[in-house]
Amino acid sequence: APAPPPARHLFSDRAEVEALRGNLLAWYDRCKRDLPWRALVRGDIGRQGWGIMWVSEIMLQQTQVATVIDYYNRWMEKWPTLQALAQASLEEVNELWAGLGYYSRGKRLQEAARKVVSELAGQMPRTAEDLQKLLPGVGRYTAGAIASISYGQATGVVDGNVIRVLCRLRCIGADSSSPAVIDRLWDMANVLVDRSRPGDFNQALMELGATVCVPKAPLCGECPVKQHCQARRRVSLGSAAIVTLVFAGVGDCSLCPPATEPWDSSLGVTNFPRKAAKKPPQAMRTATCVLERTGCHGAPEYLIVQRPSSGLLAGLWEFPSLLLAQGLQEKKEREALADHLQAWMGRPVAAKGLRFIGEVIHIFSHIHQTYVVYSLPLDGDVTLDPASSPSRWVTEEEFHASAVSTAMKKVL
Ligand code: SF4
């Protein structure tokens, strides 16, 4: 059997765990940020409990708190109950979600609301296990957050902030995105979570990562758990001889930094956490055309078309666009786009008539997208081909109120 990890990687001392919980919760009570989803307390769960944690947690995945607040407030105003959300259309959900990114999150949130209403008699599952098992789009983290914060279940959570804090508290230098390390961090979170205030404890740990134990310049001097932090201890020991004695990995410890990437004293506590290098994003080029006509009130109108209901940016609206093959010459790009536009307009489009405007770069999570933007002013009426995907003419104001991505707003 592999040797157990050294004590510095574990929370095995009960007295220390108690002290850490107490210090962290006392700090949270004093310093927590005033966020809209914290305004409603657990006692009020019946009315908006579903939204307090569910909507906010789904929105907070991959999006900063400052951006989420406005979206959260508008969402809860529009759909204050699960039943209201279950009756909304995907179009309405996408419109409200527009600009928040990762659009499948909104779609799955609505699908899950429908499932709760139609299959679970309107009752939200109340344990992390059931939430994860029964609701689409609810992963282990979101399930733990809802169960602990909304329903008081003593279960831990692990998100990016918690990973950073735990890796520093326990000097975990192995790849923090590897399944073995993630499993170990979940075990730790479940050991640490306070039994009487699990929701507050989990929020406190995440808050610590978001405001004190931040990625680049953590505020260790102000940290409420600094006396329990092994990374800080390692920095304070300083001398190479002592450090080697106290912190040498035991055998091939699976939680220590790999021998090829030893401790870098210039980084201090930010030696932790460590991640394997990310794959570079995939480069894509898309030709897009802003077709413009003069509307009946004299204002310009633009043609937008709807994307397929699955895949990237599912169901969102965009200017007619065409993914380009790599290495295509400009003339060929133009011809391909002209052919594509013909399908929308039901009549030939001359490639020469397309005016090149410029390029817009937009980074999606894993795609480096370059939009090659053309425009085409149209005279007279245009009959759109009803056999094509849904399409419509919009004014600039209507465009901004539609379910369009941030990338398309940049294109306009
Ligand atoms: Fe993070 Fe510093 Fe606190 Fe350790 S002492 S948990 S590194 S802020």
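For reference, positions follow the sequence shown, starting with 1. Whatever order the structure lists ligands and atoms in, that order sets their numbers, starting from 1. What you see is a predicted model, and the numbers here were worked out from it, not measured in a lab.
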With side chains defined as the heavy atoms from C-beta onward, is the minimum distance between M408 and F399 less than 4.5 Å?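 Touching, per the 4.5 Å side-chain cut-off.
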
Axial cation check for F11 ring with R170, 6.0 Å and 45° limits: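 Checked: cation-pi criterion met.
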
Whether R307 engages the ring of W317 as a cation-pi pair (distance to the six-membered ring centre under 6.0 angstrom, angle to the ring normal within 45°) should be assessed.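 Negative - R307 is either too far from the ring of W317 or too far off its axis.
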
Side-chain donor or acceptor of R197 paired with backbone N/O of D194 under 3.5 Å: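 No; zero donor-acceptor contacts below 3.5 Å.
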
Tell me yes or no: between the side chains of T142 and Q61, is some donor less than 3.5 Å from an acceptor?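 Yes.
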
More than 12 foreign heavy atoms under 6.0 Å from NZ of K32: is that the case here?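 Buried by this count: over 12 neighbours within 6.0 Å.
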
So which protein residues pack against ligand 1 under 4.0 Å, heavy atoms counted?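 For ligand 1, the contacting residues are R168, L169, C213, C220, C223, K226, C229, R232, V269.
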
